[in-house]
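Here the structure comes first, spelled out in structure tokens, and everything after it is commentary.
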Amino acid sequence: MDAKRYRIGELCKLTGLTARTIRYYDGLGLLKTKEKTRGGQRIYSDSDLVYIRRIMELKALSFSLDEIRRIIVLGGDDSSGEKRRAVLLESYQKKLDGARRRRDAIEREMGELEWHIAQLEKADGSFKDCPGRLCAECGFKSNCSFRRDD
């Protein structure tokens, strides 16, 4: 069975990308097909569709187009796919480590916000008073910049 061939408009409908984006990816060398009609229009293959979907998947995981290009270029001398697998594995691990660091930073920020909310909810009397007088009963006192060691 012959592989399906697509004009750019069909590829746009299948991927949700604009023609400009597909042409940009093509210009970066991310697509393989070089076939053109007599009128000079590009004809894309099933392989291009797979690459575009892979690009979209990697972009959704915060890969830059340069990182994606390096992975795709490896395919030229990687008949087993082992080099790309190893690079992807390492890249995914780095992305996961970065995501964990961002999550930890967000959790620290959330803890800080919870502390401030708790302090504001507990405040009795004038809001202008230093909350340090509540330190004895505060569950967040280790974080408090107003802490008194009385």
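- Between Cys12 and Ala19, the closest heavy-atom pair is SG-N, 3.3 Å.
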Exercise. Could you walk me through whether Arg53 and Glu57 pass the salt bridge (Lys or Arg N to Asp or Glu O under 4.0 Å) check?
Worked result: CA-CA 6 Å; Arg53 287 182 173 152; Glu57 176 184 87; over 6 Å; no

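- To the nearest 0.5 Å, the span separating CG on Asp104 from CD on Glu109 amounts to 13.0 Å.
- At least one side-chain heavy atom of Arg23 sits under 4.5 Å from a side-chain heavy atom of Ile8.
- Under the 4.5 Å side-chain contact rule for hydrophobic residues, Val87 and Leu28 share a cluster.
- Pairs of residues two or more places apart, or lying in two chains, that qualify as salt bridge (Lys or Arg N to Asp or Glu O under 4.0 Å) and include a residue from residues 79-88 are Asp77-Lys83, Asp78-Arg84, Glu82-Arg85.
- Linking ILVMFWY residues whenever their side-chain heavy atoms come closer than 4.5 Å, directly or via other members, leaves Val50 and Tyr44 in distinct clusters.
- Residue Tyr24 qualifies as open at atom OH: its count of foreign heavy atoms under 6.0 Å is 12 or below.
- A salt bridge does not link Arg108 to Glu112: none of the charged nitrogens lies less than 4.0 Å from a carboxylate oxygen.
- A salt bridge links Asp66 with Arg69: the closest approach of a Lys/Arg side-chain nitrogen to an acidic carboxylate oxygen falls below 4.0 angstrom.
- Residue-environment remark: CZ (Arg20) stays at or below the threshold of 12 foreign heavy atoms within 6.0 Å.
- Under the side chain to side chain contact (heavy atoms under 4.5 Å, CB included) test applied with Leu11, the options Ile43, Leu17, Ile22 reduce to a single match, Ile22.
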Problem set entry | Pair Lys95-Glu67, salt bridge (Lys or Arg N to Asp or Glu O under 4.0 Å): steps then yes or no | CA-CA 12 Å; Lys95 297 286 181 188; Glu67 289 171 310; 3.3 Å; yes

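- Taking hydrophobic clusters as Ile, Leu, Val, Met, Phe, Trp and Tyr residues chained together by side-chain heavy-atom distances below 4.5 Å, Ile52 shares a cluster with Leu14.
- Atom CG of residue Leu74 and atom CG of residue Leu88 lie 8.5 Å apart, to the nearest 0.5 angstrom.
- Cluster annotation: Leu65 and Ile72 are assigned to the same hydrophobic cluster (Ile/Leu/Val/Met/Phe/Trp/Tyr, side-chain heavy-atom contacts under 4.5 Å, transitive).
- For Glu10, the side chain to side chain contact (heavy atoms under 4.5 Å, CB included) criterion is met by Lys4, Tyr6, Arg7, not counting sequence neighbours.
- Counting heavy-atom neighbours within 6.0 Å of Glu107 CD, excluding the residue itself, gives a total above 12.
- Note that the CD1 atom of Ile55 and the CG atom of Asp48 stand 9.0 Å from one another [nearest 0.5 Å].
- Under the 4.5 Å side-chain contact rule for hydrophobic residues, Tyr92 and Ile68 share a cluster.
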